[in-house]
S.K.: 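My structure is below; once you've seen it, I'll send some questions.
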Amino acid sequence: MDIKEIMTVAPTTVGPETTIAHAGRVMLDRHLSALPVIDRDGRLLGIVTDGDLLRRPELDTAPEIGWWRGFLTPETSARAFVRTRGRHVGEIMTESVVTVAETTRLVDAVAVMEERRIKQLPVVNDGLLVGLLSRRDILAALLDRLIVANDGAMTDEAIATMIRTAIARSNWAPRGTVTVRVVAGVASLGGTVFSEAERNALRVLAENTAGVRSVHDDLALIDPIAGVAYGLG
């Protein structure tokens with residue numbers, strides 16, 4: 001899947017001259033955590049996030065810039081002063097923005113978000129902003145795929161066969177000791193497993209099979225050393 005399939009197209013943006021009061025109001029009203037900052041031609045200049053508004057003197061949360069720090073590193077201190085006390089987006093935004101192209105695979109974009117610990121990725125084409133990929137977009141895509149349409153043509157035996165096939169292909173599953181039966185979309189797992197981890201994984205495997213409405217766990221947990229069954233699920 002490419003990110004262009006799920007990204008927010010034409011996201012809400014602001015200009016560098018926008019006041020932080022207006023930007024904050026837009027974030028609140030539209031339930032946004034970030035706003036790309038663009039110029040008049042639509043080129044990405046930076047991004048402002050709700051995190052950029054946390055350290056402010058109005059909230060008594062802005063860090064103090066001690067005289068010794070100002071004396072030793074005046075340029076760095078001046079930049080910190082502007083970033084925490086600026087009144088316009090262009091003064092507090094992050095300029096070095098991590099971006100992706102609309103042809104970037106979703107798996108690669110998610111890896112970047114995890115590695116950089118960021119919640120949104122501007123999507124650019126030749127420097128122009130064309131979209132924004134956020135965690136909300138990824139969650140929406142996940143929910144779309146978790147909602148499995150009821151397929152009346154899929155028989156219970158076909159569903160059971162898919163579960164058995166998935167078990168056979170899983171290198172962690174106790175293939176020879178598990179039975180599968182499906183009635184009216186309810187999958188019943190029987191037989192024995194040798195750990196709670198196997199039991200949970202089998203249940204999740206069945207739940208993720210198309211056509212399964214619910215899973216009934218009849219698995220017995222066997223102590224592989226003592227050979228004792230600890231009861232059904």
Side-chain angles (χ1 to χ4, degrees), residues 3-4 6-143:
I3 61 175
K4 64 181 178 182
I6 67 171
M7 70 181 187
T8 298
V9 179
T12 302
T13 62
V14 291
E17 73 286 348
T18 303
T19 65
I20 63 170
H22 178 74
R25 175 51 58 189
V26 171
M27 288 186 193
L28 285 176
D29 290 346
R30 303 193 183 187
H31 305 286
L32 302 173
S33 61
L35 292 170
V37 185
I38 60 174
D39 64 15
R40 296 182 184 277
D41 296 322
R43 294 191 174 278
L44 183 68
L45 301 176
I47 192 168
V48 60
T49 71
D50 48 11
D52 294 321
L53 304 177
L54 297 180
R55 305 298 296 270
R56 296 289 304 185
E58 296 87 350
L59 301 174
D60 293 329
T61 57
E64 292 293 335
I65 301 176
W67 69 267
W68 58 271
R69 181 181 176 186
F71 177 76
L72 294 175
T73 57
E75 185 175 352
T76 300
S77 299
R79 289 174 179 170
F81 183 87
V82 172
R83 185 166 180 80
T84 57
R85 293 162 174 81
R87 311 293 281 189
H88 298 87
V89 167
E91 298 167 329
I92 70 168
M93 69 180 184
T94 298
E95 297 184 47
S96 300
V97 184
V98 179
T99 65
V100 289
E102 57 186 347
T103 55
T104 301
R105 295 188 307 160
L106 180 59
V107 63
D108 296 328
V110 169
V112 171
M113 296 173 80
E114 288 185 327
E115 180 182 350
R116 300 296 185 94
R117 297 183 180 180
I118 52 181
K119 298 180 180 179
Q120 50 280 310
L121 280 172
V123 185
V124 298
N125 183 15
D126 292 331
L128 297 176
L129 182 73
V130 296
L132 183 69
L133 179 69
S134 67
R135 292 184 180 181
R136 184 185 297 270
D137 295 320
I138 298 172
L139 175 59
L142 172 62
L143 293 180

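Just so you know, these numbers use all the heavy atoms, side chains as well, and skip hydrogens, waters and symmetry mates. Predicted, not measured: the structure shown is a model, and the values here were computed from it.
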S.K.: To the nearest 0.5 Å, how far apart are CG in Asp52 and CE in Met27?
M.R.: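 Interatomic distance, Asp52 CG to Met27 CE, rounded to 0.5 Å: 7.5 Å.
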S.K.: Taking C-beta and beyond as the side chain, do Val48 and Ile92 meet within less than 4.5 Å on heavy atoms?
M.R.: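 Counting from C-beta outward, Val48 and Ile92 do come under 4.5 Å.
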S.K.: Using every non-hydrogen atom in the two residues, find where Gly24 and Leu53 come nearest and quote the distance to one decimal.
M.R.: CA-CD1, 4.3 Å
S.K.: Before giving the answer on side-chain contact (heavy atoms from CB on, under 4.5 Å), spell out for Leu129 and Thr13 the whole-Å C-alpha distance, their side-chain angles and the decisive distance to 0.1 Å.
M.R.: CA-CA 10 Å; Leu129 182 73; Thr13 62; 3.6 Å; yes
S.K.: Between Ala109 and Leu121, what is the shortest heavy-atom contact and its length?
M.R.: O-CD1, 3.7 Å
S.K.: Hey, which of Val100, Ile138, Thr8 is the one that makes side-chain contact (heavy atoms from CB on, under 4.5 Å) with Leu133?
M.R.: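 Answer to the side-chain contact (heavy atoms from CB on, under 4.5 Å) test with Leu133 among Val100, Ile138, Thr8: Ile138.
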S.K.: Heavy atoms only: give me the nearest Lys119-Met113 pair and the separation to one decimal.
M.R.: O-CE, 3.2 Å
S.K.: Scan residues 88-103 for pairs that pass side-chain hydrogen bond (donor to acceptor under 3.5 Å, both in side chains), counting only residues two or more places apart or in two chains.
M.R.: Arg83-Thr94
S.K.: Go through the steps to decide whether Val107 and Val110 satisfy the test side-chain contact (heavy atoms from CB on, under 4.5 Å), and finish with yes or no.
M.R.: CA-CA 5 Å; Val107 63; Val110 169; 5.9 Å; no
S.K.: For Arg25, give me all partners under salt bridge (Lys or Arg N to Asp or Glu O under 4.0 Å), at least two apart in sequence or on another chain.
M.R.: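 Arg25 satisfies salt bridge (Lys or Arg N to Asp or Glu O under 4.0 Å) with Asp29 only.
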S.K.: If I compare all heavy atoms of Gly86 with all of Ile20, which pair ends up nearest, and what's the gap?
M.R.: O-CD1, 3.6 Å
S.K.: What's the shortest heavy-atom distance between Gly46 and Met93, and which atoms?
M.R.: CA-SD, 4.0 Å
S.K.: Quick one, Pro122 and Leu132 - any side-chain contact, counting heavy atoms below 4.5 Å?
M.R.: yes
S.K.: For Glu114, which residues count as a salt bridge (Lys or Arg N to Asp or Glu O under 4.0 Å) partner, sequence neighbours excluded?
M.R.: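 So Glu114 forms no salt bridge (Lys or Arg N to Asp or Glu O under 4.0 Å) with any residue.
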S.K.: Test your reading of the model: is there a side-chain donor-acceptor pair from Thr61 to the backbone of Leu54, 3.5 Å cut-off?
M.R.: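 Side chain of Thr61 to backbone of Leu54, a donor-acceptor pair under 3.5 Å: yes, one is there.
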S.K.: Can you name the residues that form a salt bridge (Lys or Arg N to Asp or Glu O under 4.0 Å) with Arg105, not counting sequence neighbours?
M.R.: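 Expected list: Asp108.
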S.K.: Would you be so kind as to tabulate the donor-acceptor pairs closer than 3.5 Å made by side chains of residues 35-45, with sequence neighbours excluded?
M.R.:
residue	atom	partner	partner atom	Å
Asp39	OD1	Asp41	N	2.9
Asp39	OD1	Gly42	N	3.0
Asp39	OD1	Arg43	N	2.9
Arg43	NH1	Asp126	O	2.8

S.K.: Considering non-hydrogen atoms only, spot the tightest contact between Ile47 and Gln120 and give its length.
M.R.: CD1-CG, 3.9 Å
S.K.: According to salt bridge (Lys or Arg N to Asp or Glu O under 4.0 Å), who are the partners of Arg30, at least two apart in sequence or on a separate chain?
M.R.: none
